[in-house]
2 protein chains.
Amino acid sequence: MANIKEIARIAGVSVTTVSRVLNNHPYVKEDKRRAVLETVERLNYSRNINALHLLKGRTQIIGVILPMINHSYFGVMMEGIAQEALKSGYQLMVSQTSYQPEEEQRMLEMMRNKQIDGVIICSRSLPLEHLEAYNPYGPIVLCEEIGPRPMSSVFLNHYQCFQEGIRYLWNKGHSSIGYSISRMEGPSSSRRYEAYCDMHEELGIPVNPSWIYDHCLDIEDGVLLVRRMLEQADRPSALIVTSGQVAAGILLEAGRQGLRVPEDLALISFDNMPISEVLGITTMDNGIYTMGASAMSIADELIRGTTSSPMTKEIPFQLIERSTA
Amino acid sequence: MANIKEIARIAGVSVTTVSRVLNNHPYVKEDKRRAVLETVERLNYSRNINALHLLKGRTQIIGVILPMINHSYFGVMMEGIAQEALKSGYQLMVSQTSYQPEEEQRMLEMMRNKQIDGVIICSRSLPLEHLEAYNPYGPIVLCEEIGPRPMSSVFLNHYQCFQEGIRYLWNKGHSSIGYSISRMEGPSSSRRYEAYCDMHEELGIPVNPSWIYDHCLDIEDGVLLVRRMLEQADRPSALIVTSGQVAAGILLEAGRQGLRVPEDLALISFDNMPISEVLGITTMDNGIYTMGASAMSIADELIRGTTSSPMTKEIPFQLIERSTA
DNA sequence: ATAATTTATGAAACGCATTTCAGAGCAAGG
DNA sequence: CCTTGCTCTGAAATGCGTTTCATAAATTAT
């Protein structure tokens, strides 16, 4: 209710002095300082942060664009972002876009409007050129490999990651290898497909498109994958799957259907979630949490102006051998 | 870069006129309107929303307090909140508190600071009295039953819900019934315990505290629950579990350990997630999504001033019979 | 033709806190 | 004693868009 002017009036000082007290500036006589503090207390004053935002042109808010909040992949990433945001004193504004370009755009406009200081894009549907247009208004950090574009990005080398996964399965004696994708990782799924094809060529085994299972996001999708697979005459003997959740679903349904893992079906999952550990799922740890945290910390650096040019960070991956492959 | 003053200068009109054009007010001659629009376009003008926030004292932002983002329970709730926020034109500011009171407090302070128009508390650790102190600054909507306190809430009748679950299992012939809790639903877990005890008394069966499994949030916890349970000499024949995720974990591990469901272990899960459907898990649909959506819509109503007194909404639940109990 | 509206436009106030600038008072250094 | 340098304080400018109020011009009603 009360504003700084009223505090000044009642405490018998100028607004400048009040401001100084509130911001711990030096050069305020002890008695005035006390008078101000007391009035602030008495009137239960709280500063209107919007005035500050207007004045500074900054808000200490980062916008996060993601298609769906309730999904382990983005959940973990978000967790990383949130943790880092907390550390560096930012608030997060999330926009669940469902891949609607207008929603993504809206968040970018918020940056132009100075409502947020930067944007982290976990997954998008707007074209990169379009995003670039917003470069002047604040840092945009993408969670994907974007090549030589003037935006920052944190990414995983999906190609290599996949390559290594396939090689591992091959070395274990598998030559019919399938994989699941979630589709959401749009740009990266093509990189995976490349890796899949290239490796198959290198190893001299034919590619089988019906072993690529789309729309696999969660446990239930793993369950459904197994059911789909069992209807196929020709089945893969090993799978690389999108997430620990999907792997758990597969494991569950495989058990019900009498498929032994890894004997009848080998599995590598693509993130290192607690489930994977508990269930002993062989995993390619792709550090999504780190990815989120890095994205946030890059955004922070760019906003604070420590660095001005776009930054790029590759997140390392690591195969964790357990017992499903 | 450019502000409304500059637009006015260049277009040769007053700032008032520019504002009118921008807000589609009537009474602006067509030629001036065009001049303004053209200048806006040419200078790539975008209005500074912070000025508006300051002026209006409102931001169209709702703060969401939740302990962890990456958890199906809160994920679903958040999804409901987000969906409704989208509809009614709010942005969401999320704070992942990890149950740290300071973090919860920080968000409340943001409301006092006029940075957010209201707060939705999915789960909290601050005491209710403490929250009440923030009542004057905007609506606080809690996702739990709070009794006759002057705050809004959306809640589930955990007592009845649990009661019904136990009765169902009893009718199926079970007299050794256990349950899992996530602990996070702090206030509600005591209601459940009451229901558990009361029902046991009513049915004349003894309560067994070692059949209450704590810290069950996700698949892995379901897996671990089964392992814990198998170490017990005296085991429950039926379980009511916190979520579809946990149920899936139990199902998975039960299968591995040779426990048949529902013959050796009956299961009722406590939310109706896709997994539950795919896996045929008997479920008490507790409408968490609806809970989130309702919380948001109540917040909206209170902010818009449609209603001024606190609102309360009980979310209905419904038992969905499938094949695990 | 005169009164009553409606249309059109701009100046100024408002919301609020920070910061720059200028000036006054006082102590230390030469 | 005078200068230099702090310490302390407040007026005014700043950031920016909306809205109220006043005024003028153009219509419509009587």
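Numbers restart at 1 for each chain; the letters A, B, ... are given by sequence-line order, proteins then strands.
- Surrounding CD of B:Glu38 are at most 12 heavy atoms belonging to other residues, nucleotides or ligands under 6.0 Å away.
- Expressed to the nearest 0.5 Å, how far CD1 of B:Ile49 lies from CG of B:Leu54 amounts to 12.5 Å.
- Between the CG atom of B:Asn113 and the C1' atom of C:dA17 there is a distance of 12 Å, given to the nearest Å.
- Here C:dC16 presents its P atom at 9 Å from OH of A:Tyr45, a figure rounded to the nearest Å.
- For the atom pair CD1 (B:Ile120) and OG (B:Ser152), the distance works out to 10.5 Å, reported to the nearest 0.5 Å.
- Aromatic ring orientation, B:Phe74 versus B:His71: tilted (interplanar angle from 30° to 60°).
- One finds a side-chain N or O of B:Arg47 lying less than 4.0 angstrom from the OP1 or OP2 phosphate oxygen of D:dT18.
- Side-chain nitrogen and oxygen atoms of B:Lys56 include at least one within less than 4.0 Å of the OP1 or OP2 phosphate oxygen of D:dT19.
- Applying the 6.0 Å contact sphere to CD of A:Glu41 captures no more than 12 heavy atoms from other residues, nucleotides or ligands.
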Where do N or O atoms of nucleotides 9-15 of chain C meet protein N or O atoms at under 3.5 Å, pair by pair?
{"from": "C:dT9", "atom 1": "OP2", "to": "B:Lys29", "atom 2": "N", "distance (Å)": "2.7"}
{"from": "C:dG10", "atom 1": "OP2", "to": "B:Ser14", "atom 2": "N", "distance (Å)": "3.1"}
{"from": "C:dG10", "atom 1": "OP2", "to": "B:Ser14", "atom 2": "OG", "distance (Å)": "3.2"}
{"from": "C:dG10", "atom 1": "OP2", "to": "B:Thr17", "atom 2": "OG1", "distance (Å)": "2.6"}
{"from": "C:dG10", "atom 1": "N7", "to": "B:Arg20", "atom 2": "NH2", "distance (Å)": "2.9"}
{"from": "C:dA11", "atom 1": "N7", "to": "B:Thr16", "atom 2": "OG1", "distance (Å)": "3.4"}
{"from": "C:dA11", "atom 1": "N6", "to": "B:Thr16", "atom 2": "OG1", "distance (Å)": "2.8"}

(request) Could you walk me through whether B:Ser297 and B:Ser294 pass side-chain hydrogen bond (donor to acceptor under 3.5 Å, both in side chains), step by step? (result) CA-CA 5 Å; B:Ser297 102; B:Ser294 301; 5.7 Å; no
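- Put simply, CZ on A:Arg58 is 16 Å from P on C:dT18, counting in whole angstrom units.
- Going from atom CD1 of B:Ile303 over to atom CD1 of B:Ile298 covers 12.0 Å, rounded to the nearest 0.5 Å.
- Remark: B:Asn23 is in phosphate contact with D:dT18, judged by side-chain N or O atoms under 4.0 Å from OP1 or OP2.
- Applying the side-chain hydrogen bond (donor to acceptor under 3.5 Å, both in side chains) test to pairs two or more places apart or on separate chains, those with a residue in residues 79-94 of chain A are A:Glu79-B:Gln96, A:Glu84-A:Lys87, A:Tyr90-A:Asp300.
- Between its two ends, the helix from C:dA1-D:dT30 to C:dG30-D:dC1 turns its axis by 40°, counting five pairs per end and rounding to 10 degrees.
- The separation between B:Ile4 atom CD1 and D:dT14 atom P is 18 Å, rounded to whole Å.
- Atom CZ of B:Arg34 is separated from atom P of C:dA8 by 14 Å (rounded to the nearest Å).
- Here C:dA8 presents its P atom at 9 Å from CZ of B:Arg33, a figure rounded to the nearest Å.
- Remark: A:Arg304 does not engage A:Glu301 in a salt bridge, criterion side-chain N to carboxylate O under 4.0 Å.
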